[in-house]
Protein chains: 2
Amino acid sequence: MRTSMKRSENKSRYAILGMLTIAPMSGYDLKKFTEKSMNYFWNENYAWIYPTLKQLEQEGLVVSSQEKQEGRPDRHLYTLTEQGRAELRRWLNEPTVFHETPRNEHLLKMFFADQVPLSITIEQMRFWREALQNMLTSLEDLDRQASVVALEQKVPQGRPYRLLALSYGLHMGRAQLVWCEETIAKLEGLP
Amino acid sequence: MRTSMKRSENKSRYAILGMLTIAPMSGYDLKKFTEKSMNYFWNENYAWIYPTLKQLEQEGLVVSSQEKQEGRPDRHLYTLTEQGRAELRRWLNEPTVFHETPRNEHLLKMFFADQVPLSITIEQMRFWREALQNMLTSLEDLDRQASVVALEQKVPQGRPYRLLALSYGLHMGRAQLVWCEETIAKLEGLP
DNA sequence: GCCAACATGTAACCCGTTACATGATTGG
DNA sequence: CCAATCATGTAACGGGTTACATGTTGGC
C-alpha cells in the first residue's frame, strides 16, 4: 500500500463512495457493479479498490463489518458513514475540470495511414467497427433492463440520472459507429 | 531518465515516429504539432518526448543533427531512419487492441446526482456544455484550414486520412453536444 | 474432472504529469 | 516592461495495471 494517498486526485474514492450510497458492498461487489452498470464510462480494479477501501475506513468515510461464510473467505462489507456522504456531496458540488484528451490509438493509426497500403487501413477499420458494434449491442441490452435497475437502485422518482448517463453511452456509441461506417465506405470507394 | 523503457507498450514512440514522416522535427516542434493538429485525440508532453527521442536514437530509429542558433539553445532536429519507418509500419500493421474505458468524471457525477439538488446538476451540465462548445468550435476552425494542411503534409492525393480523423472528432463533438443539450432540456423540465 | 465464480489481498512496474531549472528574444 | 515564445532537459511523484498468491464451491 502506498505510503501516502493524496486526497484530491484519486477519483476512485468518489466512485466507491457513490456506489455505497446504493447499498453496502464488498470490494468484490464494487468491482462487479462497475463492470455491470458503469463499464461504458468507468472501470475499477481490485488492486486499487482494496487499498482505497482501507484508506476510506481510516478516514471514517466508511465502516466495515465482517460477514462470516462457510468455506469461503469472509466478506468485508463496507457501509457509507454520514461523513462519507458529506464528502461525496462536497465532490459532487465541485466544478468538474474538463478532462484531458483521451488518447485514441485507432485514430493515431488513421493519421499516419499513408505509410501502409490502403487495404491494411480498411482491415483495421472493419476490426474497429466490429468491436464498436459489440459494445453498442451490450449497451442496448443494458438499456432494456435499465428502467428496472434504476428503480431498484432507489433513485428518486422522476430523476432518471442513471438512464441519462446510459443515454450518453448510446449517443457516443452510435456516433462512433456512424463515423466508422461512413469512413469504411469512403475508403472502399478509393482507387 | 528511466532505467529501462519497455519496447512494447509506449505509444508515444509511434506518435513521434509518425510525426517524423512529415518532416524532421525537434522535441519542441513535436509538442507544438500535437497541440495544433492532433489535440482532439492525442497529447504529448516534454517530460516524455525528450527521453523517448533519446531512446529512439539509441535504437537507430531516428538520427539527430544540431542546428546552431544565435542566443538560443541549439535545436536538436530528429530525422526518421529507414529502420524507424519500418518500425512504424510494423505497428501500423498490428491489429489494434480495443482501448479501455476512458473514465468520464462528468458522467460519474451524473450517475450519483441523486445525492445533490437538481439545480447543482443543471449547473454542472451547463458548464460541461460550454466546454464542449468551445472544443467543437476550435475543431471546426481546424477543419476550415485542414484541406490546406493535409496537402502540405504530403499525404498521397485522394487519401484524406487526416481529414477522416478530423471528421471523427467532429462527429464525437457534435454527438456530445447533442446529448448535453437534450439532457439539460430534460433536467430543466423536471419538477 | 475442470473451469468459472467467489473472495481478498500485495509487489512490482510502467506510463505520464507536475514542478523545477535555465535563459534569450520578440511583440504588444 | 512584461508576457509569450523559443528551447531543452531532470526529479519526484502519483495513479493505475499486471502479475502473483491462495483456496473453496458449484455447475457442466
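Quick note on labels: first sequence line is chain A, next is B, and so on, each numbered from 1.
Residue A/Lys32 places none of its side-chain N or O atoms closer than 4.0 Å to OP1 or OP2 of C/dA4. Put simply, B/Arg103 has a side-chain N or O that comes within less than 4.0 Å of OP1 or OP2 on D/dG16. A sub-4.0 Å separation between OP1 or OP2 of C/dG9 and a side-chain N or O of A/Lys31 is absent. When the side-chain nitrogen and oxygen atoms of B/Tyr28 are compared with OP1 and OP2 of D/dT8, none of them lie within a distance under 4.0 Å. Within the 4.0 Å cut-off from OP1 or OP2 of D/dT17, at least one side-chain nitrogen or oxygen of A/Asn45 is found. The phosphate of C/dT8 has OP1 or OP2 within less than 4.0 Å of a side-chain N or O from A/Tyr50.
Of the listed nucleotides (C/dT8, C/dT18, D/dA7), C/dT18 has the atom at the smallest distance from the side chain of B/Ala47. Here the nucleotide nearest the side chain of A/Lys54, chosen from C/dG9, D/dT8, D/dG16, is C/dG9. Side chain of A/His76, nearest nucleotide from C/dT8, D/dG16, C/dT17: C/dT8.
None of B/Glu57, B/Lys54, B/His76 except one satisfies the side chain to side chain donor-acceptor pair (under 3.5 Å) rule with B/Ser64; the exception is B/Glu57. No option in A/Leu56, A/Asn10, A/Val62 other than A/Leu56 meets the side chain to side chain contact (heavy atoms under 4.5 Å, CB included) test with A/Ile16. With A/Trp128 as the partner, the side chain to side chain contact (heavy atoms under 4.5 Å, CB included) test is satisfied by one option alone out of A/His106, A/Lys109, A/Met110: A/His106.
For the residue pair A/Thr101 and B/Trp42, no side-chain donor N or O sits within less than 3.5 Å of a side-chain acceptor on the partner. Side chains of B/Glu59 and B/Gln55: a donor-acceptor N/O pair is present below 3.5 angstrom, by distance only. A side-chain N or O of A/Gln115 and one of B/Arg85 form a donor-acceptor pair less than 3.5 Å apart.
Around OH of A/Tyr46, the count of heavy atoms belonging to other residues, nucleotides or ligands within 6.0 Å exceeds 12.
End-to-end axis angle of the helix from C/dG1-D/dC28 to C/dG28-D/dC1, using five pairs per end and rounding to 10°, comes to 50°.
The residue B/Asn43 sits close only to the backbone: its heavy atoms come under 4.0 Å of sugar-phosphate atoms, none of a base.
Comparing B/Gly27 and A/Ser12 against DNA chain D, the residue whose closest nucleotide sits nearer the 5' end is B/Gly27.
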